[in-house]
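Keep in mind the model is a prediction, meaning the values are calculated, not measured.
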There are 2 protein chains.
Amino acid sequence: MVLKSKNASKPGSPPPKSGPETAVYQRQTRLQHAQERAQDYVEAIAELIAGCGEARATDLAKSLGVTHVTVIRTVQRLQREGLVTTQPYRSIFLTDSGRTLAGKARARHEKVVTFLEALGVAKSTARADAEGIEHHVSDETLKAMEKFLRSSRKGSGKPTRTY
Amino acid sequence: MVLKSKNASKPGSPPPKSGPETAVYQRQTRLQHAQERAQDYVEAIAELIAGCGEARATDLAKSLGVTHVTVIRTVQRLQREGLVTTQPYRSIFLTDSGRTLAGKARARHEKVVTFLEALGVAKSTARADAEGIEHHVSDETLKAMEKFLRSSRKGSGKPTRTY
DNA sequence: GCCGCATTGTAGCGCATGCTACAATATGGT
DNA sequence: ACCATATTGTAGCATGCGCTACAATGCGGC
Ligand SMILES: [Mn+2]
Ligand SMILES: [Mn+2]
Ligand SMILES: [Mn+2]
Ligand SMILES: [Mn+2]
């Protein structure tokens, strides 16, 4: 790297140069974060419904580590976006759209955790990292992870004993 | 999963149940996002300085895919946090702290890209995914990725390119 | 030196996430 | 039925990330 060491210290030299296309991968931060949050919410809601029979705002708040106020506000947004339905003083339900998203999020989440563990990461670390990584794994990368899992399962326990 | 299939459809049954500890991995979303943004900024600033000799707000804006206004505001925050220094109508400089962070971010970024490519992901996909994944990879996971890279380079005599 | 244009900065908006404090409703135990 | 308590909802605040529109400054060509 640093092929341009010549002008690396000449302040008034070249124009942009290092990034008309890098911007492609940087755009849309805000919407991206909102989508991540939506995924975590519907996933948690689905989990509560599966585990408790219903998703209450309070339990969701505990599950997500935020206050119930934050939950209620965000759930309002999710309802606006057609992912959940709510009625005053009642529990939260997923729409078809929300259920679909939750399913994808959950599948992705689990695959990432499994992959990280197979890579040799401690379970608690895998779970922690997956919580963030899951939102940035493309379908292509997910497939590559699955492929790795298949091959690493075949090759007995330790696939990388090349040491 | 779903050991509690009994009450899985009985709305008024069990309390929280599925998440007093899952919350640990969910907290702090907002600060987390701000930190991610800071990492991307100092990394981009360092890159511009290395490539152009200086980091101008406009170029940074192009590189990050946002308007110059957004850049200026965020840079103000970074200055407040001691990562950069600026003077009116002059380019942006990294503090020691900022340079350190940029170095770590860059190293992490590249390792993640390399890892994804080694996993069999297309270069453009690897770069796109890495842009988000990089912020959620713990040191432990990073080490696991490095280990995988070492073993995979030995195994298949393919990439490597050690001169 | 002057002026036009690029760059930088400011004002003000929208939206999302988080919070505390307080109000309203629901629910369960007696 | 009744009231204490839990749950849900509202009001208002703060911060961060985007944006457009417009103002101020800087700079390079003439
Ligand atoms: Mn998840
Ligand atoms: Mn998550
Ligand atoms: Mn990066
Ligand atoms: Mn990034």
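- In this structure, B/Arg37 atom CZ and C/dA16 atom P are separated by 17 Å, rounded to whole Å.
- Across the protein-nucleic acid pair, B/Ile72 atom CD1 and D/dG16 atom P stand 17 Å apart, rounded to whole Å.
- Taking side-chain N and O atoms only, B/Thr74 has no distance below 4.0 Å to OP1 or OP2 of D/dG16.
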Checklist entry - With the sugar-phosphate defined as primed atoms, P, OP1 and OP2, and the base as all remaining atoms, what B/S/- string results for nucleotides 19-26 of chain D, 5' to 3', for protein heavy atoms under 4.0 Å? => result BBB--BSS
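- The side chain of B/Arg77 contributes no N or O atom lying less than 4.0 Å from OP1 or OP2 of D/dG18.
- No contact: A/Gln32 has no heavy atom under 4.0 Å from any strand.
- With no hydrogens or angles considered, a side-chain donor-acceptor pair links A/Glu36 and A/His136 at under 3.5 Å.
- Within the nucleic acid shown, B/Glu36 has no heavy atom closer than 4.0 Å to any nucleic acid atom.
- The distance from atom CG of B/Asp59 to atom C1' of C/dT8 is 13 Å, rounded to the nearest whole Å.
- For the residue pair A/Arg37 / A/Thr74, no side-chain donor-acceptor distance below 3.5 Å is found, with atom types taken as modelled.
- Cluster annotation: A/Val113 is not connected to B/Val137 through the hydrophobic network of ILVMFWY side chains, with a link wherever side-chain heavy atoms come within less than 4.5 Å.
- Atom CG of A/Leu60 is separated from atom P of D/dT7 by 14 Å (rounded to the nearest Å).
- The phosphate of D/dT8 has OP1 or OP2 within less than 4.0 Å of a side-chain N or O from A/Arg56.
- Residue-level contact check: A/Arg90 touches neither bases nor backbone, having no heavy atom under 4.0 Å from any strand.
- Under the rule for a salt bridge (charged side-chain N to carboxylate O under 4.0 Å, His left out), the partners of A/Arg77 that lie at least two apart in sequence or sit in another chain are A/Glu81.
- Look at A/Gln76 and you'll find a side-chain N or O under 4.0 angstrom from OP1 or OP2 of D/dT10.
- In this structure, the CZ atom of A/Arg27 is 18 Å from the P atom of D/dC17, given to the nearest Å.
- A/Leu119 and B/Leu142 fall within a single hydrophobic cluster, where Ile, Leu, Val, Met, Phe, Trp and Tyr are joined by side-chain heavy atoms under 4.5 Å apart, directly or via other members.
- Checked options A/His109, A/Gln39, A/Arg106, A/Arg108; the residue passing with A/Glu134 is A/His109 (criterion: side-chain hydrogen bond (donor to acceptor under 3.5 Å, both in side chains)).
- Judged by closest nucleotide on DNA chain D, A/Ala57 is the one of B/Ala38 and A/Ala57 placed further toward the 5' end.
- Side-chain contact check for B/Thr141 and B/Ser138: at least one donor-acceptor pair (N or O, by modelled atom type) lies under 3.5 Å.
- Atom CG of A/Asp40 is separated from atom C1' of C/dG18 by 15 Å (rounded to the nearest Å).
- Rounded to whole angstrom, the span from the CG atom of A/Leu64 across to the P atom of C/dT17 amounts to 11 Å.
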